[in-house]
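Throughout, numbering of the chain's residues begins at 1 and tracks the sequence. Computed from a predicted model, the values in this text were never measured in an experiment.
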Amino acid sequence: MPAVSKGDGMRGLAVFISDIRNCKSKEAEIKRINKELANIRSKFKGDKALDGYSKKKYVCKLLFIFLLGHDIDFGHMEAVNLLSSNKYTEKQIGYLFISVLVNSTSELIRLINNGVKNDLTSRNPTFMCLALHCIANVGSREMGEAFAADIPRILVAGDSMDSVKQSAALCLLRLYKASPDLVPMSDWTARVVHLLNDQHMGVVTAAVSLITCLCKKNPDDFKTCVSLAVSRLSRIVSSASTDLQDYTYYFVPAPWLSVKLLRLLQCYAPPEDAAVKGRLVECLETVLNKAQEPPKSKKVQHSNAKNAVLFETISLIIHYDSEPNLLVRACNQLGQFLQHRETNLRYLALESMCTLASSEFSHEAVKTHIDTVINALKTERDVSGERANLAGDRKKQIGWNVTRRRSSGEGQAAPQSQAKALFPSPPGRMYLFYGNKTSVQFQSFCPTVTHPGDLQTQLVVQTKRVPGQVDGGAQVQQVLNIECLRDFITAPLLTVRFRYGGAAQALTLKLPVTINKFFQPTEMAAQDFFQRWKQLSLPQQEAQKIFQANHPMDSEVTKAKLLGFGSALLDNVDPNPENYVGAGIVQTKALQVGCLLRLEPNAQAQMYRLTLRTSKESVSRHLCELLAEQF
């Protein structure tokens with residue numbers, strides 16, 4: 001018989017995949033898979049030692065079978081053995097199998113770690129990247145403990161290739177999000193920040209993502225990043241589309257990096273250095289100027305990239321709330337978008353305009369667009385009152401409007417209260433507006449925030465003082481800075497005390513501050529989602545609620561509610577396209593709690609099944625209750 005070439009062997013894999021796709025029923029598919037599993041098992045247990053190529057082929061088949069939804073209980077050791085191969089394709093399949101099928105409690109972790117360590121110290125950039133990707137994909141505490149000290153060294157090493165630096169930065173980011181206590185950055189902080197000066201834009205992009213996460217917990221340690229971020233942003237904004245050809249997207253220079261830099265700057269107050277502040281103001285003005293230029297392309301990708309940078313620029317201007325000229329210009333730009341034919345742009349503009357209305361510098365400018373806003377409210381289809389939440393993946397806008405009047409005696413009244421809030425930017429900020437709708441002055445006006453139970457150890461609310469007198473028909477604003485120390489259940493209370501017509505009045509309201517306001521949406525690939533879902537398999541990590549629908553079961557409304565709740569929506573993850581899958585991280589000062597959710601609607605029965613999995617029992621239960629109330 002003629003020898004079978006290796007190409008024939010890989011054609012065997014293609015034939016197997018073709019056979020599966022051609023199965024006419026689920027039973028036929030299972031029968032074909034069981035036949036193949038028996039064949040692979042016999043090969044692995046056979047007397048003849050398999051070479052690396054054969055192991056790769058069979059491990060590939062096991063991986064494909066697993067991705068079809070079938071459990072795989074063998075082949076792990078063969079995959080680990082592939083890590084020691086000097087051939088890229090064999091090592092790659094070994095790492096892919098491990099990243100998808102091996103959980104953090106596996107007995108093979110020590111062997112895997114040995115293979116990873118060998119590749120990290122090999123100085124072969126391709127192998128180093130494979131190892132770093134594996135660490136990031138598994139993301140377990142065991143791997144964090146084994147490599148958290150090595151990765152920063154690789155990241156800042158002078159002889160590390162650009163691709164390795166990128167992978168190291170993103171790997172470190174993943175480990176930090178999973179176990180921040182395992183990443184001691186004090187020795188590496190200055191050198192990591194200096195990566196913002198790197199010549200390779202890919203390295204800078206990865207470094208910005210890492211620094212943005214790190215500085216949220218230790219802002220003082222990373223404050224030197226501000227001047228470097230401004231310098232890098234200035235070079236991008238002032239460049240022509242031909243200057244950064246490899247990083248120009250539809251005539252927009254480095255839009256992803258620009259957005260990341262603008263978000264990083266929103267972690268800090270305006271620069272204190274006059275030269276740095278002046279350069280930044282020039283950058284922001286340049287972006288606003290470019291927004292007025294005729295488009296360089298009619299492609300939607302051009303306008304999307306251009307607008308992404310513009311809206312993040314406006315967010316930074318609003319965050320600083322200190323440049324009257326920029327605030328008014330931003331307001332006028334948003335006013336143009338309020339009349340745009342693109343629905344999403346109108347939502348984005350409305351959201352940002354809401355925040356601008358609370359600034360003393362742009363309050364009057366917003367009034368000039370009030371007719372346009374009213375027309376928008378008349379023509380837009382209302383989606384549960386929270387459609388503007390579609391606009392932001394980082395900030396969530398909430399509305400709170402309460403009017404109460406006491407009737408126990410003539411002359412008693414209560415202020416009209418409104419609140420607008422931005423979460424989860426550190427700290428969360430809430431703007432309270434108190435309006436005196438009577439003709440009599442409120443005296444000794446004193447709103448205070450109280451914390452029921454032990455909430456004071458979970459939530460820090462700093463309030464700014466307001467005037468003691470509120471004239472009839474007037475409105476005053478109070479700013480609250482809210483920091484989440486750890487997860488909480490009870491909402492803080494707002495007590496407003498004042499004198500009206502000589503009589504003492506008091507009103508207590510519950511502030512609309514819930515744990516999901518500190519939710520950060522997280523994008524995940526399907527394999528990462530399922531791996532993390534299995535890791536959160538303990539009974540106390542899951543909360544589930546089956547309940548009757550209280551509102552019409554509209555797909556677009558459901559998506560808007562899930563996005564408004566703070567979760568990222570993950571497409572093409574659930575095998576059932578009718579279900580919704582989401583992921584996010586609850587950002588607290590003490591720890592970050594990863595959250596996965598699955599919402600299964602049953603239109604025929606008009607019911608939902610909602611499943612939440614997090615690493616903390618109390619968070620799972622509370623988030624499940626909060627989200628179920630939306631439907």
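Residues Q477 and L432 are not in side-chain contact: their nearest non-hydrogen atoms beyond the backbone lie 4.5 Å or more apart. Looking at heavy atoms from C-beta onward, V461 lies in side-chain contact with H451 at the 4.5 angstrom threshold. Taking 4.5 Å as the limit, some side-chain heavy atom of L175 sits within range of a side-chain heavy atom of I151. Counting only heavy atoms from C-beta outward, the side chains of F442 and T438 approach each other to under 4.5 Å. Between V586 and Q592 there is no side-chain heavy-atom pair separated by less than 4.5 Å. Between S227 and R279 the shortest side-chain heavy-atom distance does not fall below 4.5 Å. In this structure, T495 and V449 have side chains that are not in contact, with every pair of non-hydrogen atoms separated by 4.5 Å or more. Looking at heavy atoms from C-beta onward, L562 lies in side-chain contact with L597 at the 4.5 angstrom threshold.
Remark: the backbone N or O of D181 is not paired with any side-chain donor or acceptor of S179 at under 3.5 angstrom. In terms of modelled atom types and a separation under 3.5 Å, the side chain of R191 and the main chain of P152 share no donor-acceptor contact. In this structure a side-chain-to-backbone donor-acceptor pair under 3.5 Å is missing from N307 to F311. Proximity of a side-chain donor or acceptor of N218 to a complementary backbone N or O of D221 within less than 3.5 Å is not detected. Remark: the backbone N or O of L591 is paired with a side-chain donor or acceptor of T588 at under 3.5 angstrom. S567 contributes no side-chain N or O that, together with a main-chain N or O of L563, makes up a donor-acceptor pair within less than 3.5 Å. Side-chain atoms of R499 never come within 3.5 Å of backbone atoms of S444 as a donor-acceptor pair (strictly under, hydrogens ignored). Within the 3.5 Å criterion, the main-chain N or O of K296 finds a donor-acceptor partner in the side chain of H302. In this structure, the side chain of Y434 does not engage the main chain of A474 through any donor-acceptor pair within 3.5 Å. Between the side chain of K223 and the backbone N or O of Y268 there is no donor-acceptor pair closer than 3.5 Å.
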After noting the C-alpha distance and the side-chain angles of Q462 and E483, does the key distance pass the side-chain hydrogen bond (donor to acceptor under 3.5 Å, both in side chains) rule?
CA-CA 9 Å; Q462 296 179 334; E483 184 177 21; over 6 Å; no
Pair V204-R232, side chain to side chain contact (heavy atoms under 4.5 Å, CB included): steps then yes or no:
CA-CA 9 Å; V204 179; R232 176 62 74 169; 3.5 Å; yes
Checking K306 against Y250 for the side chain to side chain contact (heavy atoms under 4.5 Å, CB included) test, could you report, in this order, the C-alpha distance in whole Å, the side-chain angles of both residues, the deciding distance, and whether it holds?
CA-CA 9 Å; K306 187 177 179 181; Y250 287 86; over 6 Å; no
Under the side chain to side chain contact (heavy atoms under 4.5 Å, CB included) criterion, do V203 and M201 qualify, and how do the steps go?
CA-CA 5 Å; V203 172; M201 298 286 278; over 6 Å; no
For E282 and K277: C-alpha separation, side-chain torsions, deciding distance, then whether salt bridge (Lys or Arg N to Asp or Glu O under 4.0 Å) applies.
CA-CA 9 Å; E282 286 181 9; K277 185 175 182 180; over 6 Å; no
Start with the C-alpha distance between L288 and I317, add both sets of side-chain angles, then the distance that settles side chain to side chain contact (heavy atoms under 4.5 Å, CB included), and finish with yes or no.
CA-CA 11 Å; L288 293 175; I317 293 171; 4.1 Å; yes
Under the ring-ring contact (aromatic ring centres under 6.0 Å, His included) criterion, do Y247 and W256 qualify, and how do the steps go?
CA-CA 9 Å; Y247 287 87; W256 288 278; 9.6 Å; no
side-chain hydrogen bond (donor to acceptor under 3.5 Å, both in side chains) evaluation trace for Q469 with Q443:
CA-CA 5 Å; Q469 287 78 39; Q443 297 178 332; over 6 Å; no
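Heavy-atom neighbours of E293 CD from other residues, nucleotides or ligands within 6.0 Å: above the threshold of 12. No more than 12 heavy-atom neighbours from other residues, nucleotides or ligands sit within 6.0 angstrom of NZ on K589. Around atom CD of Q292, more than 12 heavy atoms belonging to other residues, nucleotides or ligands sit under 6.0 Å away. Other residues, nucleotides and ligands place no more than 12 heavy atoms under 6.0 Å from the CZ atom of R497.
Across every non-hydrogen atom of L493 and K510, the tightest pair is CD2-CA, 4.0 Å. Across all non-hydrogen atoms, the minimal contact from S352 to L334 is CB-CD1, 3.5 Å. Of all the heavy atoms in V593 and T614, the pair that sits closest is CG1-CB, 3.9 Å. In this structure, V192 and L155 approach most closely via the heavy-atom pair CG2-CD2, 4.0 Å. When all heavy atoms of E523 and L569 are compared, the pair lying nearest together is OE1-O, 4.2 Å. The shortest heavy-atom contact between A169 and A207 is CB-N, 4.3 Å.
Separation of atoms CZ (R263) and OG (S315) is listed at 8.0 Å; rounding is to 0.5 Å. Taking CG of L316 as the reference point, atom CG of L262 lies at 6.0 Å (rounded to 0.5 Å). Q333 contributes atom CD, which lies 10.5 Å from atom CG of L338 (distance to the nearest 0.5 angstrom). F565 CZ to C595 SG: the interatomic distance, rounded to the nearest 0.5 Å, is 7.5 Å. Here the straight-line distance linking atom CD of Q478 with atom CZ of F433 works out to 11.0 Å at 0.5 Å rounding. In this structure, the separation between OG1 on T450 and CG on L494 is 8.0 Å, given to the nearest 0.5 Å.
H340 and F337 have tilted rings, their planes meeting at an angle from 30° to 60° on a 0 to 90° scale. Note: F498 and F445 have tilted aromatic rings, judged against thresholds of 30 and 60 degrees for the angle between ring planes.
Checking each of V281, L265, L280 against P271 for a side-chain contact (heavy atoms from CB on, under 4.5 Å) leaves exactly one that passes, namely L280.
Side-chain contact check for K260 and T212: no donor-acceptor pair (N or O, by modelled atom type) lies under 3.5 Å.
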